[in-house]
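The chains referred to below are lettered A, B, ... by the order of the sequence lines, with proteins before strands, and numbering in each begins at 1.
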Amino acid sequence: MTTSPATDELEPPQNLPSPRAMAMQRRRQSLHTSWGQYRRNALGMAGLLILGLFVAVAICAPLIAPREATSEVYAAKNNQPIAVGPGSYCPGGGFETDPVTGERVVAGQCPDDEKEFYPLGTDGAGRSMVALMAWGARISLTVGLVATFMTMIIGAGIGIIGGYFGGRVDQVLARLTDWFLVIPWIALAIVLAAILGQSLTNIIIVIAVTSWPVTARLVRAQTLTISTRPYVERSRALGASDWHIVTRRVLPNVFPVIFANTILTVALAILSESLLSFLGLGDPLSVSWGTTLEEAQSYGATTGGQWWWILPPGIGITLVVLAFTMCGYAVEEITNPRLKRR
Amino acid sequence: MRHRLRISVATIAALAVLILTGSAGVGAMAATDGTDETVTFTMGITDDMVTANPFKACCSTEYEMLFANYDMLFNFDRDTLAPTSGLAEYPPERSDDGKTWTFSIREGVTWQDGTPLTAADLAFTYNLINEKGLSTNDYLGFPAAKDAFEAPDDTTLIWHMKTPTTSPLTPPWIQILPEHIWGKYMDPKYTAKDIKGFENIPAVGTGPFQLVEWQPGEFFRMEANPDYWGGAPKIDELVFRIYGNAEALKLALTSGEVDAVSGLPPSIFDSLDGADNITRNVSSAGYLDHVAFNFGGTANPALKDEAVRDALALSIDRQSLVDRVTLGYASVGDSLLLPTFTKWYWKPTEDQVQGYDPDAAKAMLEDAGYTDSNGDGVRETPSGDPLSLEVLTISDVTYSVPSGKLLVGYFKDIGVDATIKTVTKSKAYDLWANQNFDMYVWGWGGDPDPDFMLSINTSDQCLVWSDGCYSDPAYDEMYKDQKLELDETQRQQIVNDMQEYLYDKNSSIVLFYETDLQAYRSDRFTGFVTQPADVGYLYFAYGPYSYMNIEPVSGTGSTTSDSSGIPAWVWVALIVVVAGIGFALIRRSRAATDSE
């Protein structure tokens, strides 16, 4: 017992790379092959392109419009016109009643050079839709990604633990998963959001809490098949600890499933954020596409004809969700050989 | 074969159109002719009643129902809002010592169930309120507690006062209830809580309409009272239909599902400009919106410091709220009384106006010791805590959330760490009951008499109508004085002083006076009246005058297919669908013959 195991005394041959380096090389190679496969997938590439566009917009938001441009007070102080369509306008409080005709007209008359150009119009508070879209992309993408990350941690954790350890642990975790799976998620999300209160963090928590079960199931199923593979048994026979097996054998093999699932979950998370915000459960002081839609709805933009207020965030959500879904399917096709096209 | 089929499709399409337009025309005629048909006036609203029980009523929808269902001692005049004869003749007789008031009660009035009304019913109603302590709750300030009421005969009511006041002329905002129905509650075993638990459907009153059915969340229905002492209404039924949001309300109006709507948000009201057969009405200021502070509970104690409230008041550009939140359908606020009631409204002089001045606000905070000592952009209180305030806004109140968002921006400008929280009304009531808020944005309607509005800042109203429990002995004293003052000019002076006092102390910050935006179908009903005259509200006013006066537009041909409420594009769509089905049938039959 006091002497070190025999394996330690074996020096690796000098001319061969270390096991770690070999593994790294193998992974690099497989990544390279996968990327090659991905590149040939037109759908996946299109998704990636759309996504890149939105990510660029989100990152460049401060260059597109200052952060203050998304605040109501900024619009008020600059006297930006209210709920006007794309075009150039004079500063003005929005509408005023024409003293002669009694009609409600856009306020303010001024020379052309004092006019401000609003490429996508303004919302009911007079904020430029361009600023709302750019900063909204930030919030929507951030919430989507962070919530998904949390979903993955919870889902993959529970799935792997259940699938690997089996027995009573699995029973309990599987029932818990089923329980969360059968609860109507939207009702649960609304209740949770109402209890936790309105903040971005809470929205993220709500989305994570309600969307992990699907991931947990997928990961558990995959873990079950992997834990019976000969190399796992071999590791166990060699005396590897559970931790070692889970992190070195199971996780790398479950990872492709998690990864493909992650990308699809982001799409769902972004949709959920928009939905919760649309229902008025979002953070009232942060600008996301969902809150913009909610404000448009409560202003009456849908029947009032203010299409420029509804279409951009609507199209934004649709495109980002579509892009993530397209990427997700492409990745799934690579990681799951059965889906490979012939 | 194919040929015949095509003909039949065309025939079907033509027939369908004929039948549908025909039936729509018949429907429109039936609705406007109204000889045998029940004439129903349908009002679209977004807020349902909370209760049908007058002792639990809180908000405008209940008051609208109560005004149509009940009479009061005196009603509010249609044109001037001054007290006018209701169940009692106006003015009453006052004894020389001012302690005894004698009212002569209208003869020949019957309850909606046929029982005659007597002075005993009035005495009973007031005594019940006093006896059961209802006066210490919602009815505070109306019949002064422990006054005695007696009915020596069927047409005389005597009000014995402990201390002489002008309460009877306010007039008391109390629906007169039938003793033969509510009488059992005089029994000592019943408490105020039991009385508030009475369902009160059908509600028996003396008004022109009677509440007969209520489906919470859907509608409530009132039937006309043909024996009303003020004359029978010209409509048979008054229905209030509840909609989820203002947009649905607008669609219901344009499609003809409802005949009138009230409380439209300005954007939606504007979008109805020029719509066919729709008449819009902008009333004079009917509500005020204010920032109400909490002086106890979990509120930031800094709010008790007048300097902080003054600074907050100076930091707000009220004109921009009017322009941007109400789209100009409001006027800048100052006093807690509505400018509509010109007799009582006090306006600050130019020197007194607390206009938008963020620099002065900053200086004020600086002087009072609220400085940003750690350089994080947020001021700290003299005791070192960050000056953070939460603005509570209410999602189902039209201007609350957009106002709150602007307020947060203005507060941040002067170095206050302001955040916003949005809840529904029901959640807000909860927070208020526990005094769990810093400040909220909502408002008040207001009576023609200032007594009630002035009472809400008295110490006695803490957690009754005063959510923030403002308490100031000097103010309480003034309130008592105006209540006891019998001379109107003198009282006016005290009321003015009280408004000035509140404005100066900023017990709450009145943001603006909002108008009520209403619209109705001019092709369906006519005879609407505004209260007060010319500038007032069509409905949701201070009496059921429009409901009593409206009648269906007679079917003189001015209204035809429009009143069916089905726009032209639906017909086009219908024809396209029918033609499409026909085309599909032809294709199928051709395919069938080909395969044969």
Aromatic ring proximity A/W309/A/Y299, centre distance under 6.0 Å
yes

Should A/E68 and A/R127 count as an ion pair when the cut-off is N to O under 4.0 Å?
no

In terms of heavy-atom pairs under 4.5 Å, which option from B/V423, B/L406, B/I268 contacts chain A the most?
B/L406

Which bit of B/S320 is near chain A, if near means a heavy-atom gap under 4.5 Å: side chain, backbone, both or neither?
side chain

What residue in B/A246, B/G409, B/S267 has the most heavy-atom pairs under 4.5 Å with chain A?
B/S267

What part of A/S199 gets closer than 4.5 Å to chain B, counting heavy atoms only: side chain, backbone, both or neither?
neither

Residue B/D413 versus chain A: region with a heavy atom under 4.5 Å
side chain

Among B/L251, B/L272, B/I420, B/V325, single out the residue with the greatest number of heavy-atom pairs under 4.5 Å to chain A.
B/I420

According to the interplanar angle, ranging from 0 to 90°, do the rings of B/Y356 and B/Y410 count as parallel (below 30°), tilted (30 to 60°) or perpendicular (above 60°)?
perpendicular

Parallel, tilted or perpendicular: which fits the ring planes of B/W432 and B/Y429, with parallel below 30° and perpendicular above 60°?
perpendicular

Using the rule given for side-chain hydrogen bond (donor to acceptor under 3.5 Å, both in side chains), can you reason through B/T422 versus B/T393, listing the C-alpha separation, both sets of side-chain angles and the distance that settles it, and then say yes or no?
CA-CA 5 Å; B/T422 304; B/T393 59; 3.0 Å; yes

Where on B/L321 is there a heavy atom nearer than 4.5 Å to chain A: the side chain, the backbone, both, or neither?
neither

Where does B/V408 contact chain A at under 4.5 Å (heavy atoms): side chain, backbone, both or neither?
side chain

Does NZ belonging to B/K425 count more than 12 external heavy atoms closer than 6.0 Å?
yes

Tell me which of these, B/K405, B/K421, B/E247, has more heavy-atom pairs under 4.5 Å with chain A than the rest.
B/E247

